[in-house]
Amino acid sequence: MAKSEKKLRTEKVIAIDYPKSCESISGKHYAARISSAPCDIVEVSIDAGAWSPCSNSSGFWWFHLQGLTAGEHRIAARVHIKGKAYFSLRKFYIGNE
């Protein structure tokens, strides 16, 4: 196969499924859902804070967003696979109640 005929494959190693980009969610309780390639641990950081482990259930990774103030926030998810770190970033909002 010639170089120009090679198909480029994009594989998502990690993705934040929910909250959606720029989504406004309730501040009372919300579980972020993360999809990942097979791995042992997925971690999340909220607003550039410390990394915290997610829980694994039903084929997804979950992190409970609690105690956040109204306004803009950022969630980062990371996974290490074969010695390489992969990240996914997302902006979301906590609505006023």
Side-chain angles (χ1 to χ4, degrees):
M1 179 180 293
K3 186 176 182 179
S4 62
E5 295 176 21
K6 287 184 181 178
K7 292 183 180 181
L8 297 176
R9 292 174 37 190
T10 303
E11 297 179 282
K12 287 191 176 181
V13 176
I14 188 166
I16 299 168
D17 301 323
Y18 298 99
K20 294 289 188 186
S21 183
C22 297
E23 181 178 7
S24 183
I25 62 175
S26 167
K28 290 184 179 180
H29 179 266
Y30 189 91
R33 189 181 88 180
I34 300 156
S35 297
S36 174
C39 62
D40 294 327
I41 188 168
V42 169
E43 297 173 299
V44 169
S45 170
I46 305 298
D47 297 329
W51 291 98
S52 300
C54 297
S55 59
N56 186 301
S57 180
S58 302
F60 296 100
W61 294 88
W62 303 89
F63 187 80
H64 297 279
L65 300 170
Q66 297 175 329
L68 297 175
T69 58
E72 181 180 301
H73 296 277
R74 296 189 188 273
I75 182 173
R78 76 176 176 188
V79 63
H80 291 90
I81 297 176
K82 295 182 180 178
K84 187 170 181 181
Y86 298 89
F87 296 85
S88 183
L89 304 170
R90 172 80 38 96
K91 177 171 54 174
F92 68 97
Y93 297 89
I94 299 292
N96 293 323
E97 299 179 346

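- For Cys54 against Phe63, the heavy-atom pair with the smallest separation is SG-CB, 3.9 Å.
- Of all heavy-atom pairs between Ser88 and Ile14, the closest is CB-O, 3.8 Å.
- Hydrophobic clustering keeps Leu89 apart from Tyr93 (ILVMFWY residues linked when any side-chain heavy atoms are closer than 4.5 Å, directly or through intermediates).
- For His64, the ring pair (Phe, Tyr, Trp, His ring centres under 6.0 Å) criterion is met by His29, not counting sequence neighbours.
- Heavy-atom minimum distance, Ala70 versus Gly95: CB-O, 4.2 Å.
- Arg90 is linked by a side-chain contact (heavy atoms from CB on, under 4.5 Å) to Ile16, Ser21, Ile75, counting only residues two or more places apart in sequence or in another chain.
- The minimum heavy-atom distance between Trp51 and Ala76, with the atom names listed, is CZ3-O, 3.5 Å.
- Closest non-hydrogen pair, Ser26 versus Ile94, comes out as O-CD1, 4.2 Å.
- Nearest approach of Ala31 to Trp62, heavy atoms of both residues: CB-CE3, 4.0 Å.
- At distances below 3.5 Å, at least one donor-acceptor pair connects side-chain atoms of Asp47 with backbone N or O atoms of Arg74.
- Under a hydrophobic clustering in which Ile, Leu, Val, Met, Phe, Trp and Tyr are joined whenever their side-chain heavy atoms come within less than 4.5 Å, directly or via other members, Phe60 and Tyr18 fall into different clusters.
- Between the SG atom of Cys22 and the CZ atom of Phe92 there is a distance of 11.0 Å, given to the nearest 0.5 Å.
- Here the rule is side-chain contact (heavy atoms from CB on, under 4.5 Å) with Ser36, and of Val42, Ile41, Asn56 only Val42 fits it.
- Put simply, the side chain of Ile34 does not reach to within 4.5 Å of the side chain of Val79, judged on heavy atoms.
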